[in-house]
**Q** 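One structure follows; several queries about it will come next.
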Amino acid sequence: MKTNNKQGFIFSVSAYLVVTFLDLYFTFIATPDLELEGNPLYNVLFFGWTGLITINVISYLFYCLIAYYAFIGYKRPITNETDLRKYLAFISYGDADKYSAMMWKFPKYWAPQIACLCWSVAVILPFARLLIVIVWFLLILDIDATLFFNIVASIPMGRIDFVVAILGAWILSFIWIQKEFKLNLKNIEKRKKEEGKLSD
């Protein structure tokens with residue numbers, strides 16, 4: 001059964017577009033010569049504004065692809081499993097009795113794992129990138145946020161967005177599993193009701 005969350009897709013790609021624009025805009029205001037820019041494309045590869053804008057366009061298109069798969073393209077497996085462990089075993093290995101603790105075995109079917117990763121990344125990235133926008137905003141207005149800036153400074157190249165994205169995506173993967181399992185239970189109930197109507 002194919003996912004069909006067009007509203008989630010539109011909201012996500014719109015939110016990421018806004019924070020991408022704000023990031024570039026505030027970067028230009030705060031450091032037009034890119035002297036304060038922490039992006040490794042500038043610090044390591046010495047890309048200028050053209051390179052930064054280009055990579056942002058490419059990364060946004062890539063984001064749209066993963067968001068599309070997560071919210072629209074992913075085809076959910078149809079199963080009658082009502083136990084979470086059996087459900088995970090079924091969607092991963094095609095057999096409800098092949099549950100693997102902590103999923104340490106490679107799955108037979110990769111689509112659920114890819115969908116989980118895409119959904120987690122698509123949800124967390126706008127929030128993670130918003131932190132960079134906040135950093136620039138605080139710098140531009142010269143707001144005293146010593147503790148926040150000390151935390152940012154303790155991270156390599158100040159990329160707090162990377163740390164938040166990685167940790168956030170990991171946490172959200174568990175939420176995706178619960179979400180998909182609950183949707184599966186709802187679909188089971190829906191199918192039972194439809195079967196009941198047909199038998200009547």
Side-chain angles (χ1 to χ4, degrees), residues 2-76 106-107 109-140 148-149 151-177 179-180:
K2 210 167 187 181
T3 54
N4 188 23
N5 189 357
K6 291 182 180 178
Q7 289 181 336
F9 170 73
I10 293 171
F11 178 81
S12 295
V13 297
S14 299
Y16 196 64
L17 179 62
V18 170
V19 294
T20 298
F21 172 78
L22 289 176
D23 184 10
L24 290 171
Y25 178 68
F26 284 162
T27 300
F28 179 75
I29 293 176
T31 178
D33 58 359
L34 295 176
E35 185 179 352
L36 300 177
E37 175 58 40
N39 194 314
L41 288 174
Y42 176 74
N43 287 334
V44 179
L45 301 177
F46 303 105
F47 278 28
W49 275 106
T50 302
L52 286 178
I53 292 172
T54 301
I55 200 65
N56 272 279
V57 170
I58 294 171
S59 63
Y60 178 72
L61 293 175
F62 179 72
Y63 177 86
C64 289
L65 286 175
I66 65 173
Y68 179 84
Y69 186 72
F71 292 105
I72 298 174
Y74 172 59
K75 189 174 182 180
R76 292 189 181 99
F106 281 118
Y109 303 107
W110 284 96
Q113 279 71 27
I114 294 172
C116 177
L117 177 63
C118 288
W119 184 85
S120 301
V121 170
V123 171
I124 198 60
L125 271 186
F127 294 99
R129 189 145 190 188
L130 182 61
L131 288 174
I132 298 299
V133 173
I134 292 172
V135 169
W136 288 126
F137 184 75
L138 294 173
L139 284 171
I140 291 168
F148 179 68
F149 283 122
I151 293 172
V152 173
S154 67
I155 299 169
M157 291 183 288
R159 297 316 301 248
I160 190 173
D161 54 327
F162 286 174
V163 174
V164 170
I166 292 170
L167 291 177
W170 179 71
I171 293 169
L172 285 170
S173 65
F174 295 98
I175 295 175
W176 181 89
I177 291 170
K179 176 181 72 73
E180 290 296 310

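These numbers come from the heavy atoms of this one structure, side chains and all, not from hydrogens, waters or symmetry mates. Here, residue 1 is the first one in the sequence, and each next residue gets the next number.
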**Q** State, yes or no, whether a side-chain contact exists between Ser173 and Trp119 at a heavy-atom distance under 4.5 Å.
**A**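 They are not in contact (no side-chain heavy atoms under 4.5 Å apart), so the answer is no.
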**Q** Which atom names give the shortest non-hydrogen contact between Pro32 and Trp49, and what distance separates them?
**A** O-NE1, 2.8 Å
**Q** Do Ile114 and Cys118 come within less than 4.5 Å of each other through their side chains, counting heavy atoms only?
**A**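 In contact.
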**Q** Check whether any side-chain heavy atom of Phe26 lies under 4.5 Å from a side-chain heavy atom of Val135, and answer yes or no.
**A** no
**Q** Do Leu125 and Tyr16 have side chains that approach each other closer than 4.5 Å (heavy atoms only, starting at C-beta)?
**A** yes
**Q** Checking Thr20 now: which residues fulfil side-chain hydrogen bond (donor to acceptor under 3.5 Å, both in side chains) with it, not counting sequence neighbours?
**A**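 If we apply the side-chain hydrogen bond (donor to acceptor under 3.5 Å, both in side chains) test to Thr20, skipping adjacent residues, the hits are Arg129.
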**Q** Residues in side chain to side chain contact (heavy atoms under 4.5 Å, CB included) with Phe11, at least two apart?
**A**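 For Phe11, no residue satisfies side chain to side chain contact (heavy atoms under 4.5 Å, CB included) once neighbours in sequence are set aside.
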**Q** Decide yes or no for Phe127 and Val164: does some side-chain heavy atom of the first lie under 4.5 Å from some side-chain heavy atom of the second?
**A** no
**Q** Would a 4.5 Å heavy-atom cut-off, applied to side chains only, mark Val57 and Tyr60 as touching?
**A**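 No, their side chains stay 4.5 Å or more apart.
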**Q** If we ignore hydrogens and angles and just use 3.5 Å, is the side chain of Thr31 paired with the main-chain N or O of Thr27 as donor and acceptor?
**A**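 Here the side-chain-to-backbone pair does not exist.
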**Q** Under the side chain to side chain contact (heavy atoms under 4.5 Å, CB included) rule, collect the residues that match up with Val18, sequence neighbours excluded.
**A** Leu22
**Q** Does the side chain of Pro112 come within less than 4.5 Å of Trp176's, by heavy atoms?
**A**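 Contact flag for Trp176/Pro112 side chains = yes.
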